[in-house]
There are 2 protein chains.
Amino acid sequence: MWIKAESLQRGGAFKMRGAYNRLAQIPATERHRGVVAFSSGNHAQGVARAAALLGMPATIVMPADAPKVKLNATAALGAEIVTYDRHNESREAIAARIATERGAPLVPSFDDVDVVEGQGTAGLEIAEQLGRAPTRIVTPCGGGGLAAGLALALPESQVFVAEPQYWDDMGRSLVAGEILEVPADAPYSACDALLTRRVADMTFGTLHAAGAKGVWASEVEVRAAMRFAFKLGLVVEPGGAAALAAWLAGKIDDKEGTTVIVCSGGNVDPDAFADVLKGQD
Amino acid sequence: MWIKAESLQRGGAFKMRGAYNRLAQIPATERHRGVVAFSSGNHAQGVARAAALLGMPATIVMPADAPKVKLNATAALGAEIVTYDRHNESREAIAARIATERGAPLVPSFDDVDVVEGQGTAGLEIAEQLGRAPTRIVTPCGGGGLAAGLALALPESQVFVAEPQYWDDMGRSLVAGEILEVPADAPYSACDALLTRRVADMTFGTLHAAGAKGVWASEVEVRAAMRFAFKLGLVVEPGGAAALAAWLAGKIDDKEGTTVIVCSGGNVDPDAFADVLKGQD
């Protein structure tokens, strides 16, 4: 089994791949208008970092009560931060207004062809580093941007999407043949990067056409996977460990061929990580 | 600044490089006799792993009270473990007796040309991955095997050896022009992988001839470096973080050129790592 450690990617997650590819499509003459995105997580930093590399202004709409560490990290990349009250304001509306005012494109976190194709560069790298396409690839899945990108980049590989227990909407949708949402009463999961209530037509359609299959991991399985990755020298956040968790739990038939598991991110609070290391379950 | 993450090497440390290179020099007709080594740490696993890859028997002399996790990990690689009482027996004598009885070579952890040259492959990789030799390279130093190997592999780079405070015998030796030992009353350091009381003529001589310089890091600086590496997604053990610690503390003049810092190992007890993450100093 091979691990693709996107936790070691710039910004600690795969997100910059898609953001950079999206921003790189903007003609040089329009770059001065900048870009707009909303996110409380890794996508915010991905867009801010890509914009900085391309010399573009970036405006990121983030909840006022987002962790200081994420607000500061995004601001440190040179982005303008616009905060909103997550109980009384719509981040979509705020971002759309700013985008319209400035003539700047809104960069979605997964529902965008250029973003999905950018995430797919992780798949191209896997094939290059391995010397061939793997038999199967197991990847964490929130909105499905990374998973769809991998399916496009590695059409000969069987893709498995791994989701947190009760948040396995992509997996259930793939079985049903239509998009099913996460039930409103789904319990909270530590996999904060994967808590998307509804995937996009494009990511679902791509994965469905590719014959992708879904697996899920429990919270206990995710913590076990984080401890396993630790022994390999890798810091992996809960959502980033979902695929490894499902594999360790024996949910993937890997008796034949080569298996690649994507650890998609490593941005985890030190205290939370320490608690997992000290835990026994 | 670039990090060479030997914590991600097989076995979680650079040690397999030297062990494999030493064992690979043994003629095929003599391999059935196996090899002998003594170590309570990463070298034991390096030799056991290299022997397994080459299909050779390995006998490792380890203290009876070594951590179960290290005894088990070495045994799991197929090595025969011979334990000794570290208060009343000499591991050198036991290992020498076994080596003589079996006609099997003893593989030292650093005082050996093939071991040093094997560790130097980390330097060749650095130049290949960077596309050039770096201006300077900062590496943790215990017996000096890795540092000497890097100096041989990268003759155009300035080598800095980083040691724990009070255990900076290589650094002091380089200034004095002769080997100085660690004083008997040197306080314990968490950098267990670097607690060598006397370096070898060969490692010292190589580094002295190469114009290497010494820096040291305090325990507080080492813990800060472990937290810094954590944010990059890397699990680094205390000794493995000594070079990063010295660099973060501003002890290396890096205003010009390219700096590569070696994080030499990541084998750290989860509880100890969690305590560092939760600590504030």
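A, B, ... follow the sequence lines: proteins, then strands. Residue 1 opens every chain. Only this structure's heavy atoms are used, side chains among them; waters, hydrogens and symmetry mates stay out. Small disclaimer: the values here were computed from a predicted structure and weren't measured.
- Taking 4.5 Å as the limit, some side-chain heavy atom of A:Leu234 sits within range of a side-chain heavy atom of B:Leu8.
- In this structure A:Ala19 satisfies the side-chain contact (heavy atoms from CB on, under 4.5 Å) test together with A:Val47, A:Ala50, sequence neighbours excluded.
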Return one line per donor-acceptor pair between chain A and chain B under 3.5 Å, naming both atoms and the distance rounded to 0.1 Å.
| unit_1 | atom_1 | unit_2 | atom_2 | d |
| --- | --- | --- | --- | --- |
| A:Gly233 | O | B:Val235 | N | 2.9 |
| A:Val235 | N | B:Gly233 | O | 2.9 |
| A:Asp271 | OD1 | B:Lys278 | NZ | 3.4 |
| A:Asp275 | OD1 | B:Lys278 | NZ | 2.8 |
| A:Lys278 | NZ | B:Asp271 | OD1 | 3.4 |
| A:Lys278 | NZ | B:Asp275 | OD1 | 2.8 |

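- A:Ala66 is linked by a side-chain contact (heavy atoms from CB on, under 4.5 Å) to A:Pro63, A:Leu71, counting only residues two or more places apart in sequence or in another chain.
- Both the backbone and the side chain of A:Val268 come within contact range of chain B, each with at least one heavy atom under 4.5 Å from a heavy atom of that chain.
- Among residues two or more places apart in sequence or in another chain, the side-chain contact (heavy atoms from CB on, under 4.5 Å) test is passed with B:Ala225 by B:Ala241, B:Leu244, B:Ala245, B:Leu248.
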